[in-house]
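Indexing begins at 1, ligand by ligand and atom by atom, following the structure's order. Residue numbers count from 1 along this sequence. In what follows, every heavy atom counts, from backbone to side chain, and hydrogens, waters and symmetry copies are set aside.
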Amino acid sequence: MAANPTILRPELTNLAPYNAGLTLAEVAARKGVTRVAKLGSNENPAGTDPAVVDALENAMRSIGAYPDPVGRNLVARLAEKHGWPQDKFVLGNGSEDLLAVLARAVLRPGDKVVTLYPSFPLHEDYARLMGAEVIRIGLDAEGMIDLPALLDAVAKPVRLVLFANPMNPAGVWLQPADLRRVLAAVHPEAITCVDEAYHEYASGPDYVSAEEQLATYARPLVILRTFSKAWGLAGLRIGYAMTNSDQLRQGFDLARTPFNVNLMAQIAAEAALDHPDAVDRAVALVRIERTRVAKAISDMGMRVLPSRGNFLFFDAGQPSSMIAERLLDHGVIVKPWRQEGYESWLRVSIGSIMDNDQFLMALARIREAAIG
Ligand SMILES: *Cc1c(COP(=O)(O)O)cnc(C)c1O
């Protein structure tokens, strides 16, 4: 029986279901597909480090007990890694959990939330769920973040400034000086959250983490990181927040569920931190492949935005859901964008060299069929 919408909160009935990427099994069930390139969810194609698997096998014997509700061991490791006090960290069941917790902790009906557009849908959904109003700052004609509009919007008395840097799905990012200008422009009463899910892929002279501001920024700041992308733990669900605000830290603890991060996830994240070299290797490969794939898409005559993530956002010039469907026929999973104004754009993750080749070959075939 279909749910009767009248029993749900009105804030819910306006939300669209999350557009999650297809699973391997869903695609493998298709006729004629022998190899699947899973390029829809920005996962690390190298998968899980063997040292992490070993740690998980050992941990299995302990799953009868509740996990540490604040993940002391993992937080101690993170505090050391970041040089930031342990009591300013909060763990989440994925960073998406922390986005929901942040919304629950600070957003009141009618509050205004500034975000970048095209957006990570959860940045908007959790805000709307709380009855807040979302203000979208888009890209300019060059496909770059509209900095003047962003500076203007954050200076107004909004409740929350929440954006990903680098942006997902667009992949574009704020130059260090621009990030500093934005943070400096934020209204004195606003809370800022920078979602750095793709931090590991972005580092270089033209990118800086908001982390550099934690110790000096005079207003509440939250930085989100995740183990799902470069660290290869998407299936376990673990991410973390760093903040400069005791109030926010307390708010997160009150608004989250007490055991939000399971034991296996805590153990795996600790083990992963012991092997940063695996991440470095994965990142190095993504950077090379990102350049190669971007050039190939552009050589086919399609517009592709510069990216500091492990993905590319490109305009196929045709309905994205149709192109995605054709790519599926070739065993390639991508994410067709559906937000207004971007219905001909797709996001493709950078995978292994073989995955990327499979994608490029399929895309070329589809283009040829359309033209010829
Ligand atoms: C993937 C992603 C997340 C979610 O990561 P999880 O830790 O797996 O929940 C959060 N923010 C952005 C911008 C992402 O792309």
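With salt bridges taken as basic N to acidic carboxylate O contacts below 4.0 Å, none links Asp329 and Arg326. Electrostatic pairing of Glu96 and Arg237 counts as a salt bridge here, judged by a charged N lying under 4.0 Å from a carboxylate O.
Between the side chain of Gln266 and the backbone N or O of Met264, no donor-acceptor pair lies under 3.5 Å. A donor-acceptor pair under 3.5 Å is absent between the side-chain atoms of Ser349 and the main chain of Gly351, judged by distance alone. In terms of modelled atom types and a separation under 3.5 Å, the side chain of Asn244 and the main chain of Arg219 share a donor-acceptor contact.
Protein neighbours of ligand 1 below 4.0 Å, counting non-hydrogen atoms: Gly94, Ser95, Glu96, Phe120, Ala164, Asn168, Asp195, Ala197, Tyr198, Thr226, Ser228, Lys229, Arg237.
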* To do: Please lay out, stage by stage, how Gln339 and Ser119 fare under the test side chain to side chain donor-acceptor pair (under 3.5 Å).
  => CA-CA 8 Å; Gln339 286 177 327; Ser119 56; 2.9 Å; yes

